[in-house]
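Numbers here are sequence positions counted from 1.
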Amino acid sequence: KNLLLYRYKQLDKAKENAERLGLCGALYPMVTVNGEECRNEWEITFEAIHQNGAIAYAIYLYTRYTGDDSYLREKGIEVLVELARYWESRVSFSSRLDRYVILGVTGPNEYENNVNNNWYTNTMAAWTLEYTLDALKTLSSKRVRALGVSEQETDRWRAVMEGMYCPYDAFHGVYEQQDLFMDKDFTSAASLPSQERPLHKHWSWDRILRSCFIQQADVLQGIYLFPERYDLDIQKRNFLFYEPMTVHESSLSAGIHAVIASRIGLTDKAYELYLRTARLDLEDINRDTEDGLHLTGMAGSYNAIVQGFAGFSFHGDRLTFAPQLPPKWEGYSFQISHRGTHLWVAVTKDGMHIKRLSGPEKQVVIKWAGQKASILTV
């Protein structure tokens, strides 16, 4: 919640950032201390705008996980409204496609920039508009008027949301990372000589930008955030298409891929990716640990276990686990807190063990692969 309050306090600066670019609403910086953008690469400072989606998702995740909507109603809604205004002003309408498009961006994959219709960016923009419109419905008309939001404005947001272009390639059956990605020469990252890694230290940027190689989860980042929107077949097709081209040369990457690999039943691949995120700095895998430790890699190793191997998810007050045990492990355990209940969870060769350490009773669903789900109260 403190992180959300930090974002709220920087809303005015985010509005200034957008205004400097001739846009409405708020654009949060990629890197900052006081709310102003601190990175100076043009392709990040001006074109990496998908963090706006992350700000909205943080509000959504906090509210959904804790059940506490006080931040959303009192402060978060102001942030969401300004994010929605930004996205409306940032899109263009393509008469050729009869869709709204977002041009000239850098998506999560920073090994490409100045691309059009990055699937993740467009998807998060449309979702932010949807979430904002849903949140406004829970407020009184007086509160909505106080925010300066009119019916005409929400109608425009709805039109952009419903008309957003999110590229899809029917031939491969996957979401296209951005326009023209399918024109690339597809090569597996496994073919790259180790002495040429990481690419940004050995290749020219011209060569990197023209290649198919992906720095970190991009399309798969969106699938990771919203697994309930994409069935396992869609998740698996996109994972098997994009992961082989991903070089994981961002500390954010391997942990996200490990979770998705677990969800689609690729336990061995998930374990391989878990080791990459857990040992990122221990083995200096990306040859940049001298610049500092990667907190994102550490968080990725936690997520790879809890969301990945243990298959943790939640809906309201009910918790769900879909556990797997990597073949090389005897077991693993962790603790989690959810709405006042503190649990100890362990997965061993004997099964799954859950103990309530404090707080009210909790209903838990356990789904072992190929078995009927069991429901218990702990």
Side-chain angles (χ1 to χ4, degrees), residues 61 65 216-217 220-221 223-225 227-228 232 235-236 239 243 246 248 250-286 289 293-315 317-359 361-378:
L61 184 60
Y65 191 81
Q216 65 187 78
L220 295 178
Q221 180 71 35
I223 289 174
Y224 162 78
L225 293 178
E228 68 281 359
L232 290 179
Q235 294 187 47
K236 190 169 186 177
F239 183 90
E243 196 283 329
T246 304
H248 302 293
S250 162
S251 58
L252 296 159
S253 187
I256 299 298
H257 284 80
V259 172
I260 299 176
S262 291
R263 288 175 180 167
I264 60 179
L266 302 179
T267 306
D268 289 344
K269 185 65 176 179
Y271 184 66
E272 171 194 322
L273 292 161
Y274 162 78
L275 289 178
R276 185 179 181 98
T277 190
R279 302 193 64 81
L280 181 67
D281 289 316
L282 293 171
E283 298 180 9
D284 195 13
I285 292 174
N286 284 337
T289 302
L293 300 180
H294 295 85
L295 297 180
T296 45
M298 299 175 194
S301 64
Y302 176 86
N303 282 342
I305 295 173
V306 177
Q307 294 182 312
F309 299 142
F312 171 67
S313 61
F314 61 93
H315 183 76
D317 204 46
R318 175 185 285 191
L319 306 182
T320 297
F321 295 93
Q324 303 172 45
L325 182 63
K328 294 183 179 181
W329 284 4
E330 295 296 320
Y332 56 89
S333 65
F334 55 87
Q335 295 182 29
I336 59 172
S337 293
H338 181 263
R339 302 189 181 186
T341 298
H342 196 70
L343 299 176
W344 173 84
V345 180
V347 178
T348 69
K349 292 182 177 179
D350 297 327
M352 188 166 206
H353 313 274
I354 302 176
K355 182 188 299 183
R356 178 165 51 91
L357 302 178
S358 63
E361 291 184 341
K362 186 74 62 176
Q363 193 174 66
V364 176
V365 179
I366 300 177
K367 299 179 179 178
W368 288 97
Q371 298 182 23
K372 186 177 180 180
S374 58
I375 302 175
L376 63 149
T377 301
V378 297

Undergrad: So which atom in Leu343 and which in Arg356 form the shortest heavy-atom distance, rounded to 0.1 Å?
TA: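 Taking every non-hydrogen atom into account, CD2-CA, 3.7 Å.
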
Undergrad: Are the side chains of Leu319 and Ile336 in contact, using a 4.5 Å heavy-atom criterion?
TA: yes

Undergrad: Please check if the side chain of Asn303 supplies one atom and the backbone of Gly255 the other of a donor-acceptor pair under 3.5 Å.
TA: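 No, the answer is negative, given that no donor and acceptor are paired below the 3.5 Å cut-off.
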
Undergrad: Show your reasoning for whether side-chain contact (heavy atoms from CB on, under 4.5 Å) applies to Glu228 and His315.
TA: CA-CA 11 Å; Glu228 68 281 359; His315 183 76; over 6 Å; no

Undergrad: What I'd like to find out is whether the side chain of Glu243 reaches to under 4.5 Å of the side chain of Leu273, using heavy atoms alone.
TA: yes

Undergrad: Can you give me the closest heavy-atom contact between Val347 and Pro323, atom names plus distance?
TA: CG2-CB, 4.0 Å

Undergrad: I need the His257 NE2 to His248 NE2 distance, nearest 0.5 Å.
TA: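 Separation between the atoms: 5.0 Å.
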
Undergrad: To the nearest 0.5 Å, tell me how far Phe309 CZ sits from Tyr274 OH.
TA: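 Output value for this atom pair is 7.5 Å.
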
Undergrad: Could you walk me through whether Asp317 and His338 pass the side-chain contact (heavy atoms from CB on, under 4.5 Å) check?
TA: CA-CA 8 Å; Asp317 204 46; His338 181 263; 3.9 Å; yes

Undergrad: Do side-chain atoms of Gln235 reach the backbone of Ile223 as a donor and acceptor pair under 3.5 angstrom?
TA: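 No: the side chain of Gln235 does not pair with the backbone of Ile223.
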
Undergrad: Is there a donor-acceptor pair under 3.5 Å between the side chain of Arg339 and the backbone N or O of Tyr65?
TA: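 Here the side-chain-to-backbone pair exists.
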
Undergrad: Please check this pair: side chain of Arg318 against backbone of Gln363, looking for a donor-acceptor N/O pair closer than 3.5 Å.
TA: no

Undergrad: Between Ser301 and Thr277, is there a donor-acceptor pair closer than 3.5 Å when you use the side chain of the first and the backbone of the second?
TA: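 Not confirmed, Ser301 side chain does not pair with Thr277 backbone.
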
Undergrad: For the CD1 atom of Ile285 and the NE2 atom of His294, what is their distance to the nearest 0.5 Å?
TA: 10.5 Å

Undergrad: Between His353 and Thr348, does any side-chain donor sit less than 3.5 Å from a side-chain acceptor?
TA: yes

Undergrad: Return the OG1 to NZ distance between Thr377 and Lys362, rounded to the nearest 0.5 Å.
TA: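 If I round to the nearest 0.5 Å, the distance is 11.0 Å.
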
Undergrad: Counting N and O atoms only, with roles assigned by atom type, does the side chain of Asn286 sit under 3.5 Å from a partner on the main chain of Leu280, one being a donor and the other an acceptor?
TA: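 No; judged by distance alone, with no hydrogens or angles, the pair does not exist.
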
Undergrad: Please check: side-chain N/O of Tyr332 versus main-chain N/O of Ala310, any donor-acceptor pairing under 3.5 Å?
TA: yes

Undergrad: Identify the heavy atoms of Thr267 and Pro326 that sit nearest to each other, and give their distance.
TA: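 Minimum heavy-atom contact is CG2-CA, 4.2 Å.
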
Undergrad: For Phe321, which residues count as a ring-ring contact (aromatic ring centres under 6.0 Å, His included) partner, sequence neighbours excluded?
TA: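 Per chain and number, Phe321 pairs via ring-ring contact (aromatic ring centres under 6.0 Å, His included) with Phe312.
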
Undergrad: If you measure from CZ on Arg263 to CZ on Phe239, what distance do you get to the nearest 0.5 Å?
TA: 11.5 Å

Undergrad: For Leu295, give me all partners under side chain to side chain contact (heavy atoms under 4.5 Å, CB included), at least two apart in sequence or on another chain.
TA: Met298

Undergrad: Rounded to the nearest 0.5 Å, what separates atom CD1 in Ile375 from atom NZ in Lys367?
TA: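 Rounded to the nearest 0.5 Å, the CD1-NZ separation comes to 9.0 Å.
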
